[in-house]
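In what follows, a single structure is set out as structure tokens and then discussed.
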Amino acid sequence: MADPCHSFPASVHPPKAGGVIAPDLLDWYDRHARRLPWRSPPGTPPPDPYRVWLSEIMLQQTTVAAAAPYFARFTARWPTVADLAATEDAELMAAWAGLGYYARARNLLACARAVMADHGGVFPATEQGLRALPGIGPYTAAAIAAIAFGQAATVVDGNVERVIARLFALDRPIAQAKPEIRDHAARLTPAVRPGDYAQAMMDLGATICTPRNPACAICPVRRACAAAATGDPARYPVRAAKPVRPHRHGIGFFAVAEDHLLLVRRPPKGLLAGMRALPVSDWGDPADAGARLAQAPLTARWTLRAPPVRHVFTHFSLDLDVAVARLDRRCALPPGGEWWPLAELDRAGLPSLFAKAARLAVTGLAVTGKDEGDDDGEQA
DNA sequence: TATTCGTGGCA
DNA sequence: TTGCCAAGAAT
């Protein structure tokens with residue numbers, strides 16, 4: 001279709017809401033683009049689609065600072081999609097450990113293998129083709145199409161939603177304004193340099209049009225912004241009421257025999273799916289804490305360590321008590337269990353919750369018979 | 001449309 | 001200390 005950005009003159013519809021922003025935004029991006037490991041400088045040829053895809057998956061609900069070291073390790077270990085597709089599941093999951101949202105790691109592998117098996121090792125160049133791959137949703141498909149293949153796809157992420165909500169001073173919460181936001185975003189997307197434009201919108205949201213204290217004084221599209229005109233731009237986007245986060249309790253079991261630790265593989269669906277982990281009790285009402293020690297994976301003399309590990313997930317918080325037991329020998333394993341060498345614990349690929357619990361338990365082992373030098377702020 | 005799914009930094 | 005938030009996808 002025709003360039004929607006220029007379907008009417010800006011002077012006819014004054015820029016009180018929106019207007020043509022792409023030229024000013026791209027000009028700003030040429031001067032202020034963030035230099036990131038997966039990005040090519042403004043106006044230069046696009047990066048390898050594999051690297052664009054990998055970065056976009058890692059960046060889903062994840063900060064640039066958190067994703068960057070993982071991106072460096074992944075591209076060093078797996079320089080191409082073929083390398084990634086050929087790796088073992090366990091190695092991939094361990095490499096992802098600590099980054100969170102582990103369904104991304106499973107889908108990453110499934111996607112790489114689909115690209116090899118169904119697309120001759122080449123990423124599809126269209127939004128539709130990308131959208132059909134595991135782990136690639138509306139945002140990621142549009143981002144890869146725009147950034148790696150130069151297509152004028154409408155890229156809508158959290159940054160874009162916030163920028164649009166302010167440009168048009170939308171009075172409804174984002175959850176309810178999604179269709180309207182997408183509509184505005186599509187009209188603002190230019191036919192020229194769509195990849196740079198998409199990244200410019202995200203940079204704008206990340207560095208200028210921030211959630212709190214937006215820097216309107218130096219914003220390249222302030223003249224088009226209805227929220228800035230109100231004098232209180234931080235009022236947008238309107239925030240919906242947040243649901244209360246329930247609190248749960250559980251026990252993680254740290255069983256050591258012959259300098260080996262009992263680990264299990266978590267089920268393929270649900271929380272921390274497919275990840276190596278400590279055996280655990282159920283996680284539920286803190287009032288039922290007393291009954292959970294009976295859920296140990298094997299019979300032993302369990303000692304409860306204090307304080308518990310406090311961990312916050314997206315939709316609940318958890319106090320995980322750590323129960324420790326020493327066994328004389330490596331006994332029969334529960335289903336899916338393995339004895340892991342304690343000396344190589346950092347290579348087990350434990351999610352952060354269990355890495356924290358293991359650190360707590362290991363410090364307990366180290367000071368057996370002694371009681372000095374607990375490293376961190378242990379408190380009642 | 002609403003839930004489920006991690007983690008760490010920061011005000 | 002607590003809550004907020006980050007380049008969302010799958011169901």
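Reminder, nothing fancy here: chain letters follow the sequence lines and each chain counts from 1. As the structure is a prediction and not an experimental result, all values here were calculated from the model.
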Could you state the atom-to-atom distance from [atom1] of [X] to [atom2] of [N] in whole Å?
X: A:Leu99; N: C:dG8; atom1: CG; atom2: P; result: 13 Å
X: A:Arg104; N: C:dA7; atom1: CZ; atom2: P; result: 13 Å
X: A:Trp38; N: C:dA7; atom1: CH2; atom2: C1'; result: 9 Å

Taking C:dC5, C:dC4, C:dA7 as options, the one with an atom nearest any side-chain atom of A:Lys242 is C:dC4

A:Arg34, nearest nucleotide to its side chain (from C:dG8, C:dC5, C:dA7): C:dA7

Touch class at under 4.0 angstrom, heavy-atom based, for [X] against every strand present:
X: A:Gly205; result: nothing
X: A:Trp96; result: nothing
X: A:Ile57; result: nothing
X: A:Ser352; result: sugar-phosphate
X: A:Ile147; result: nothing
X: A:Val160; result: nothing

Is it the case that the ring center of A:His315 lies less than 6.0 angstrom away from the ring center of A:Phe313? no

Measure from the ring center of A:Trp96 to the ring center of A:Tyr70 and say whether it is less than 6.0 Å. no

Does a side-chain N or O from A:Arg162 land closer than 4.0 Å to OP1 or OP2 of C:dA6, or not? yes

Given C:dG8, is OP1 or OP2 found less than 4.0 Å from the side-chain N or O atoms of A:Gln61? yes

Close N/O contacts between protein and nucleotides 9-11 of chain C (under 3.5 Å):
from   : atom 1 : to       : atom 2 : distance (Å)
C:dA9  : OP1    : A:Gly137 : N      : 2.9
C:dA9  : OP1    : A:Gly137 : O      : 3.4
C:dA9  : OP1    : A:Thr140 : N      : 2.9
C:dA9  : OP1    : A:Thr140 : OG1    : 2.7
C:dA9  : OP2    : A:Tyr139 : N      : 3.3
C:dA10 : OP1    : A:Gly135 : N      : 2.5

Nucleotides bounding contact with chain A, strand DNA chain B, heavy-atom threshold 4.0 Å: B:dT4 to B:dG8

Side chain to side chain contact (heavy atoms under 4.5 Å, CB included), that's the test. Do A:Leu108 and A:Trp53 meet it? Break it down for me. CA-CA 9 Å; A:Leu108 191 78; A:Trp53 163 73; 3.3 Å; yes

